[in-house]
Trainee: 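Pasting a structure below so you can have a look.
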2 protein chains.
Amino acid sequence: MSLETLASSPAISVAAAFPKRQIHHLREVSDNTAALRCTSCLLRDFCLPSGLSAQDTELLSTLIAARRTVRRGHALYHGGDPFENIYTVRAGSFKTQLFNPEGREQITGFQISGELLGLDGITGGQHDCDAVALEDSQVCVIPFKHLEQLSFDMPTIQHMVHRLLGAEISRERKLLMVLGNMCAEERVASFILDFSARLTARGYSSSEFNLRVTREEIGNYLGMKMETVSRIFSRFQDAGYIAMRQRLIRIVDLDGLRAVLEPARLSA
Amino acid sequence: MSLETLASSPAISVAAAFPKRQIHHLREVSDNTAALRCTSCLLRDFCLPSGLSAQDTELLSTLIAARRTVRRGHALYHGGDPFENIYTVRAGSFKTQLFNPEGREQITGFQISGELLGLDGITGGQHDCDAVALEDSQVCVIPFKHLEQLSFDMPTIQHMVHRLLGAEISRERKLLMVLGNMCAEERVASFILDFSARLTARGYSSSEFNLRVTREEIGNYLGMKMETVSRIFSRFQDAGYIAMRQRLIRIVDLDGLRAVLEPARLSA
DNA sequence: CGCACGATTGACGGAGCTCAAGCCGCGTGG
DNA sequence: CCACGCGGCTTGAGCTCCGTCAATCGTGCG
């Protein structure tokens with residue numbers, strides 16, 4: 001199936017013609033310039049331009065060097081790759097994973113449409129994690145050099161960059177809170193609620209969605225084992241909080257899920 | 001009496017007035033404007049100026065609005081406070097702690113001399129965690145607005161800001177890895193090693209140092225209970241990896257500690 | 001169709017939590 | 001000067017949650 005159900009412009013059908021194998025490291029095929037404009041993108045309100053004036057959005061558009069398609073399971077970039085671009089997810093979804101010196105893996109996040117990729121690596125000049133597509137996906141490519149240059153003249157752009165970096169810090173902090181303080185049930189509940197909230201913020205249904213990740217990946221992300229994740233999903237289903245078939249999940253009792261996170265559920 | 005006596009008293013002969021060893025419990029220093037210069041600060045190579053040219057360092061110095069003393073147990077800022085400044089730790093140490101909606105606490109980091117505080121809050125315009133002094137401490141105050149303004153003209157300064165934000169992201173990622181993947185022994189080992197490495201990087205002894213935090217705080221930071229932390233310290237001591245008296249810790253067998261983090265310690 | 005991978009479920013064991021008692025080091029006041 | 005109390009640390013005993021191992025099932029793909 002085409003990735004492009006979301007894409008607006010007819011010119012986009014170019015993307016469908018992408019060669020099947022090794023999109024991986026392909027030199028960019030540019031779509032026609034008009035199609036790269038944020039103003040005509042359906043995601044404009046949920047993506048970088050959100051909050052920017054029409055004028056600034058236009059300017060931001062000029063930065064988008066290309067779009068790039070990444071096949072399921074392939075990496076948009078690897079840890080160690082030189083840092084050149086940041087990316088916004090235009091269609092599909094990704095995971096970012098980190099490997100420590102001893103070879104352990106930690107998934108640090110899942111990114112959906114309108115969210116940002118590649119900010120790691122601003123520091124060291126190279127990415128420090130892998131970004132892997134969870135399904136056939138497409139990103140907008142923004143050369144960071146250009147963005148920096150633009151931000152010299154444009155305070156609003158500079159603010160945006162700071163905001164983005166700060167947002168990344170906050171996001172990881174929330175995850176720290178989850179990993180440091182919560183038991184397995186609470187972790188899974190907060191994972192579902194977080195996912196749902198982000199989908200809502202991007203105009204998707206908040207009550208029914210496709211997780212697109214294996215139980216193993218969820219487990220890795222949440223610091224627990226696949227089997228435990230599975231058991232808790234089953235438990236939530238039995239409790240009537242959710243309904244699920246494979247990776248499709250429907251939230252049935254939102255308050256029930258939220259209650260899992262309530263503090264002391266103990267008697268007075 | 002105000003804590004600010006330090007920041008505004010008559011000139012003393014600057015850095016020379018710093019007794020080498022007790023930087024930790026300093027109270028005696030007073031600074032006039034001249035003294036606010038990074039170039040004359042003993043920490044210059046371990047702090048923000050690290051990596052900057054003499055010229056840029058000079059420029060950076062002009063940003064330092066004041067120094068501020070914070071008493072042990074007091075907060076430099078609270079979550080919710082408007083974001084105005086970032087801070088570098090000039091003497092002493094801090095912890096940053098986060099509270100989630102349900103009232104749970106998570107310590108997200110410990111900061112020592114030369115390290116940075118306050119970057120949270122760039123996004124939302126207000127700090128999202130508390131920064132609390134672990135001992136009587138002193139910070140340099142850098143108004144973020146000024147820093148942003150300066151960075152319009154100075155690419156190197158802008159780079160520095162990005163580098164700092166990126167470093168914060170990396171730091172939190174390392175912690176994610178610890179919380180998501182490691183068992184209690186490994187967490188404590190990596191905590192000790194991390195502390196030691198940071199002290200080394202700042203010119204302190206790497207083998208003997210004062211943790212300055214309670215077992216409870218270490219536990220909170222590492223996602224485990226005080227009792228477990230204590231047990232593991234004892235175990236490490238019995239194993240001859242460390243020697244400790246209260247919060248003073250000495251690394252006896254560095255390789256032993258490192259080996260705790262080795263991957264599969266299983267037979268071939 | 002059959003294979004392979006992912007998901008589910010069960011049985012069991014152990015790492016870490018809970019509860020509790022006792023200890024140490026330090027400050028305070030008699 | 002010591003007695004006392006308090007906060008933080010240590011250590012033990014028991015329990016629980018979650019990890020481990022393993023068998024089975026379901027589903028999508030070649």
Side-chain angles (χ1 to χ4, degrees), chain A residues 1 20-21 71-73 95 104-107 132 134-136 178-192 210-239 242-249 260 264-267, chain B residues 25 72-73 95 104-105 107 132 134-135 178-192 210-239 242-249 260 264-266:
Chain A
M1 143 193 157
K20 292 243 159 186
R21 289 288 141 207
R71 301 237 139 212
R72 172 181 176 177
K95 66 171 171 178
R104 290 188 240 225
E105 177 190 353
Q106 174 70 43
I107 295 176
V132 177
L134 297 171
E135 56 193 308
D136 292 353
V178 170
L179 293 183
N181 274 298
M182 297 188 181
C183 71
E185 274 199 3
E186 293 168 332
R187 291 181 198 201
V188 174
S190 85
F191 171 73
I192 298 172
N210 190 334
L211 284 177
R212 290 230 141 77
V213 283
T214 67
R215 300 284 184 267
E216 185 126 35
E217 288 168 321
I218 297 174
N220 182 294
Y221 176 66
L222 294 176
M224 48 204 263
K225 291 290 139 180
M226 177 192 62
E227 293 91 332
T228 309
V229 176
S230 179
R231 271 183 249 274
I232 288 171
F233 273 138
S234 301
R235 220 179 293 165
F236 282 176
Q237 195 158 22
D238 292 347
I242 60 172
M244 56 183 309
R245 236 193 95 233
Q246 300 161 218
R247 297 181 192 175
L248 237 105
I249 194 169
V260 174
R265 272 173 296 169
L266 30 77
S267 51
Chain B
H25 277 315
R72 174 181 175 176
K95 66 172 172 179
R104 291 189 239 226
E105 176 190 354
I107 294 176
V132 176
L134 297 171
E135 56 194 306
V178 170
L179 294 183
N181 274 296
M182 297 187 181
C183 71
E185 275 198 1
E186 294 168 332
R187 290 180 199 201
V188 174
S190 84
F191 171 73
I192 298 172
N210 190 332
L211 285 178
R212 291 228 141 76
V213 283
T214 66
R215 301 283 185 268
E216 185 128 34
E217 286 167 322
I218 297 173
N220 182 296
Y221 177 66
L222 293 177
M224 48 204 263
K225 293 290 140 182
M226 177 194 60
E227 292 92 331
T228 309
V229 176
S230 178
R231 272 183 247 273
I232 287 171
F233 273 138
S234 301
R235 221 179 293 164
F236 281 175
Q237 195 159 21
D238 293 347
I242 61 172
M244 54 183 312
R245 237 193 92 232
Q246 298 163 218
R247 297 182 193 174
L248 239 108
I249 194 167
V260 174
R265 273 172 296 170
L266 29 80

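Below, chain A is the first sequence line, B the second, and so on; all start at residue 1.
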Trainee: When the distance from CD of B:Glu217 to C1' of D:dG7 is rounded to whole Å, what number comes out?
Mentor: 13 Å
Trainee: Rounding to an integer number of Å, can you tell me how far A:Glu216 CD sits from D:dG19 C1'?
Mentor: 13 Å
Trainee: Whole-Å distance between D:dC9 P and B:Gln237 CD?
Mentor: 14 Å
Trainee: Measuring from B:Met224:CE to B:Ser230:OG, what's the distance to the nearest 0.5 Å?
Mentor: 10.0 Å
Trainee: Ignoring hydrogens and geometry, is there a side-chain-to-backbone donor-acceptor pair from A:Arg187 to A:Leu222 under 3.5 Å?
Mentor: yes
Trainee: Under a 4.0 Å threshold between the charged nitrogen and the carboxylate oxygen, would B:Arg247 count as salt-bridged to B:Glu217?
Mentor: no
Trainee: Counting only side-chain heavy atoms from C-beta out, which of C:dG6, C:dT9, D:dT27 sits nearest to A:Gln246?
Mentor: D:dT27
Trainee: Is it true that, when you exclude A:Glu227 itself, more than 12 heavy atoms of the residues, nucleotides or ligands shown sit nearer than 6.0 Å to its CD?
Mentor: yes
Trainee: Students often get this wrong, so: under 4.0 angstrom with heavy atoms, is A:Glu227 touching a base, only sugar-phosphate, or nothing?
Mentor: base
Trainee: Could you check how far CE of B:Met226 sits from P of D:dG7, rounded to whole Å?
Mentor: 14 Å
Trainee: Does the base of D:dG26 carry an N or O that pairs as donor and acceptor with the side chain of A:Arg245 under 3.5 Å?
Mentor: no
Trainee: Once you round it to whole Å, what is the distance between C1' of D:dA22 and NZ of A:Lys225?
Mentor: 16 Å
Trainee: Please confirm whether the shortest side-chain N or O distance from B:Arg247 to OP1 or OP2 of D:dC9 is below 4.0 Å.
Mentor: yes
Trainee: Under 4.0 Å from OP1 or OP2 of C:dG6: is there any side-chain N or O of A:Ser230 that close?
Mentor: no
Trainee: Any side-chain N or O of B:Arg231 less than 4.0 Å from the OP1 or OP2 oxygen of D:dT11?
Mentor: no
Trainee: Classify the nucleic acid contact of A:Arg235 as base, sugar-phosphate or nothing, counting any heavy atom under 4.0 Å across all strands shown.
Mentor: nothing
Trainee: May I have the distance from B:Ile218 (atom CD1) to C:dG16 (atom P), rounded to whole angstrom?
Mentor: 16 Å
Trainee: Return the CD1 to CD1 distance between A:Ile107 and A:Ile218, rounded to the nearest 0.5 Å.
Mentor: 9.0 Å
Trainee: Find the distance A:Arg212:CZ to D:dG28:P and express it as a whole number of Å.
Mentor: 13 Å
Trainee: Return no unless some side-chain N or O of B:Thr228 is found under 4.0 Å from OP1 or OP2 of C:dC17.
Mentor: yes
